[in-house]
A.B. asks: 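A single structure is presented below for examination.
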Amino acid sequence: MTTNNIFYRIAIFLVLASIAWSCNVPEKVLLPVSQTLPDQYEPLLATDSTNIATISWRAYFDDPNLIALIDSALQNNQELNILLQEIQVSQNEVLEREGEYLPFVRLGAGIGAEKPGRYTRAGAVEEQLDIEPEKAFPEPLGDFQLGAVATWEVDIWRKLRNAKDAAQLRYLAATEGRNFLVTNLVAEISETYYELLALDNLLKIINDNLLLQQDALSKVKLQKENARATQLAVNRFEAQLLNTRNLQYAIKQQITEAENRINFLAGRYPSEVARNPQSFMDMPLDSIQAGVPAELLANRPDIRQAEYELAAANLDIDVARADFYPRLDITAGLGFQAFNPKFLASPESVVFNLAGDLMAPLINKKAIQARYNMATAKQIQAVYAYEQTVLSAYTDLLNQLNKLNNYSKSFDTKTAEVDILNKSVSIANSLYRNARADYVEVLLTQEEVLDAKMELMETRLEQLQAKVAIYRTLGGGWR
């Protein structure tokens, strides 16, 4: 049996052994997504076949001051700009993965010299042979090389291509993450802007009440001078005035914080926020068209982000599973090599090599098994994360739809209460002047109307913020 036949049989044996061993590969088991959305929202909530999520935020928020703030934030917000760079990182990871399953070709040159010892095998051979007829080996013997080397891992089991596809999916997930951040940024600026308008109106209500209370205090002092009121009444009216005046400072501090929050989101240093507080009570609450729950899957960027992450996790299992199979590497080289650079261009200096390696894991596969187990665990995590995102989106939207519905009814009720209390203040003052009511009733009525007016502003704020939240939870704002 010749040596070539022996090597050939050994190679066949190794190939068959590798294939047989690779049959002991774990089965791919994916945890399915078990959660499905209801066909419609609660029967008590009005739904429509259309969906406000498809409306541009410029059309949805019809306020030039608010639109200018959002425009500034989309250009200058630091968190958004940081995320844009993360998207660039993800995009380059895709290019990196794509390059891994293509052949690598390297061009190189080398130079060296060797002088073997005279009483070594190489030295003795050089002493007995001529490098050319009648020409001994030069000392030292030069070695000049110029050529290209190519290496290629043949992607038999789609390991490298699956890794590239997974990176592509994560790039898409990062893009959706950016869209989700835009949605939240638009919503947060809008909610804070409406809060700022509400605070402006609260401050105006307090200032208006201060004028009424100052007038009431003046009248009580005059009555005391005419012996129609006591010092206790004067003290009570004055204490009420001081208490109301103290409310100003808390509201002013909240206004400062709201302005600074908006400026921070807009990526600028603190400055006055342009706004029109008089428009707060007249802002329309358009008909909310929520569509059907299934549209959340298409409109919510965070749901699509979780979906892409899940698809990437599924491919990661294929990548980890491919490590159990044999790997085929091909190496080739072509170039020139000579002991003298003047011979590099001659045909006799051409050198080349071509080799293929087929290798499969045989002993100690713990690392491979661990990577496969980790990929499986991450796929299960991705399924639960996707289900949690969908459930959270549906629940959040349902809460906001109910909130808008309830606060709209509360606003109507509170408006009627304020109207009644405004009349009661006039009645109480009239009765007090005619000695048919005591000063306590006047004080209580003034406190009640102030509280009711402030609660009316807060209810209105809840309405507008619910409008913003519904737009956000439906997936609007990123288009």
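The analysis underlying the following values was restricted to heavy atoms, covering all of them including side chains, and did not include hydrogens, waters or symmetry mates.
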A.B. asks: Could you give the distance from CD1 (I52) to CD1 (I470), rounded to the nearest 0.5 Å?
C.D. replies: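 So the gap between those two atoms works out to 6.5 Å.
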A.B. asks: Are any non-hydrogen side-chain atoms of L185 and V182 less than 4.5 angstrom apart?
C.D. replies: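 They are not in side-chain contact.
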A.B. asks: I would like to know whether Q379 and D316 meet side chain to side chain donor-acceptor pair (under 3.5 Å); could you show each step before the answer?
C.D. replies: CA-CA 8 Å; Q379 190 272 338; D316 286 341; over 6 Å; no
A.B. asks: Honestly, is R300 close enough over F180, meaning NZ or CZ under 6.0 Å from the six-membered ring centre and within 45° of the axis?
C.D. replies: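 Here R300 fails the 6.0 Å and 45° test against F180.
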A.B. asks: Would you say the side chains of Q369 and N373 form a donor-acceptor pair under 3.5 Å?
C.D. replies: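 There is such a pair between these side chains.
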A.B. asks: Regarding E257 and Q253, do their side chains bring together a donor and an acceptor under 3.5 Å, going by distance alone?
C.D. replies: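 Yes - a donor-acceptor pair under 3.5 Å links their side chains.
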A.B. asks: With no hydrogens and no angle check, is any side-chain donor or acceptor of T395 less than 3.5 Å from a backbone partner on S392?
C.D. replies: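 Side chain of T395 to backbone of S392: no pair is present.
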A.B. asks: Please confirm whether the backbone N or O of Y372 pairs with a side-chain atom of T376, one donor and one acceptor, at under 3.5 Å?
C.D. replies: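 Indeed, once roles are kept as given, a pair shorter than 3.5 Å links the two residues.
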A.B. asks: Got a salt bridge between E98 and K164, using NZ or NE/NH1/NH2 to carboxylate O under 4.0 Å?
C.D. replies: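 No, this pair does not count.
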A.B. asks: Does this structure show an ion pair linking K159 with D323, if we count only N-O contacts that are shorter than 4.0 Å?
C.D. replies: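 Salt bridge: yes.
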A.B. asks: Checking D357 side chain against D329 main chain: does a donor-acceptor pair fall under 3.5 Å?
C.D. replies: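 Not confirmed, D357 side chain does not pair with D329 backbone.
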A.B. asks: Using only atom types and a distance under 3.5 Å, with no angle test, would you say the side chain of N246 pairs donor to acceptor with the backbone of L242?
C.D. replies: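 Such a contact is absent between N246 side chain and L242 backbone.
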A.B. asks: I'd like to know if K204 and D208 make a salt bridge, using a cut-off of under 4.0 Å between side-chain N and carboxylate O.
C.D. replies: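 Salt bridge present between K204 and D208.
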A.B. asks: Side chains of R275 and N65: is there a donor and an acceptor less than 3.5 Å apart?
C.D. replies: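 The answer is no; no qualifying pair exists.
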A.B. asks: So does E188 pair up with R261, basic N to acidic O under 4.0 Å?
C.D. replies: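 A salt bridge is present here (some side-chain N lies under 4.0 Å from a carboxylate O).
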A.B. asks: Look up atom NZ in K221 and atom CD in Q231, then write down how far apart they are to the nearest 0.5 Å.
C.D. replies: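 Separation between the atoms: 9.0 Å.
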A.B. asks: Does the side chain of Q248 pick up a donor-acceptor pair with the side chain of N207 at under 3.5 Å?
C.D. replies: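 Looking only at side-chain atoms, N207 and Q248 do form a donor-acceptor pair, the distance falling under 3.5 Å.
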A.B. asks: From I67 CD1 over to Y193 OH, what is the distance, rounded to the nearest 0.5 angstrom?
C.D. replies: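 The CD1 atom of I67 sits 10.0 Å away from the OH atom of Y193.
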A.B. asks: For G477, is there any backbone N or O sitting under 3.5 Å from a side-chain donor or acceptor partner on Y471?
C.D. replies: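 Yes, Y471 side chain to G477 backbone: donor-acceptor pair under 3.5 Å.
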A.B. asks: Salt bridge check: are D451 and K453 linked by an N-O gap of less than 4.0 Å?
C.D. replies: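 Salt bridge flag = no for K453 with D451.
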A.B. asks: Spell out, as yes or no, whether a donor-acceptor pair under 3.5 Å connects the side chain of W157 to the backbone of D318.
C.D. replies: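 No, the answer is negative, given that no donor and acceptor are paired below the 3.5 Å cut-off.
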A.B. asks: Identify the heavy atoms of V234 and L217 that sit nearest to each other, and give their distance.
C.D. replies: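 Closest approach of V234 to L217, heavy atoms only: O-CD1, 3.7 Å.
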A.B. asks: Which heavy atom of L80 sits nearest a heavy atom of A73, and at what distance?
C.D. replies: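 Minimum heavy-atom separation between L80 and A73: CD2-O, 4.4 Å.
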A.B. asks: Verify, without hydrogens or angle tests, whether R479 (side chain) and A53 (backbone) share a donor-acceptor contact under 3.5 angstrom.
C.D. replies: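 Yes, the answer is positive, given that a donor and an acceptor are paired below the 3.5 Å cut-off.
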A.B. asks: Please check: side-chain N/O of N405 versus main-chain N/O of L401, any donor-acceptor pairing under 3.5 Å?
C.D. replies: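 Not confirmed, N405 side chain does not pair with L401 backbone.
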A.B. asks: Tell me, yes or no, whether the heavy-atom count around R161 atom CZ, taken from other residues, nucleotides or ligands under 6.0 Å, exceeds 12.
C.D. replies: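 More than 12 within 6.0 Å, yes.
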A.B. asks: Let me confirm one number: the CD1-CG distance from I255 to N260, rounded to the nearest 0.5 Å.
C.D. replies: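 Rounded to the nearest 0.5 Å, the CD1-CG separation comes to 12.0 Å.
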A.B. asks: When you check the gap from the basic side-chain N to the acidic O, do E417 and K414 get nearer than 4.0 Å?
C.D. replies: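 Judged by the 4.0 Å cut-off on N to carboxylate O distance, E417 and K414 do form a salt bridge.
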A.B. asks: What heavy-atom pair brings A313 and A382 nearest, and what distance separates the two atoms?
C.D. replies: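 Closest heavy-atom pair between A313 and A382: CB-CB, 4.0 Å.
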A.B. asks: CD1/I156 to CG/L328 distance, rounded to the nearest 0.5 angstrom?
C.D. replies: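 So the CD1 of I156 and the CG of L328 are separated by 4.5 Å.
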A.B. asks: Any carboxylate oxygen within less than 4.0 angstrom of a Lys/Arg side-chain nitrogen, looking at K403 and E462?
C.D. replies: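 Yes, charged N to carboxylate O under 4.0 Å.
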A.B. asks: Under the 3.5 angstrom rule, does the side chain of S72 hit a backbone N or O of A266 as a donor-acceptor pair?
C.D. replies: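 Pair found, side chain donor or acceptor close to backbone of A266.
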A.B. asks: Run the side chain to side chain donor-acceptor pair (under 3.5 Å) check on Q88 and N92 step by step: do they pass?
C.D. replies: CA-CA 6 Å; Q88 291 295 320; N92 283 282; 4.6 Å; no
A.B. asks: With a 4.0 Å cut-off on N to O distance, would you call D165 and R158 a salt bridge?
C.D. replies: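 Looking at R158 together with D165, the answer is yes, because their closest N to O distance falls below 4.0 Å.
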A.B. asks: Check whether T389 reaches the backbone of A385 with its side chain - one donor and one acceptor, N or O, closer than 3.5 Å.
C.D. replies: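 Such a contact is found between T389 side chain and A385 backbone.
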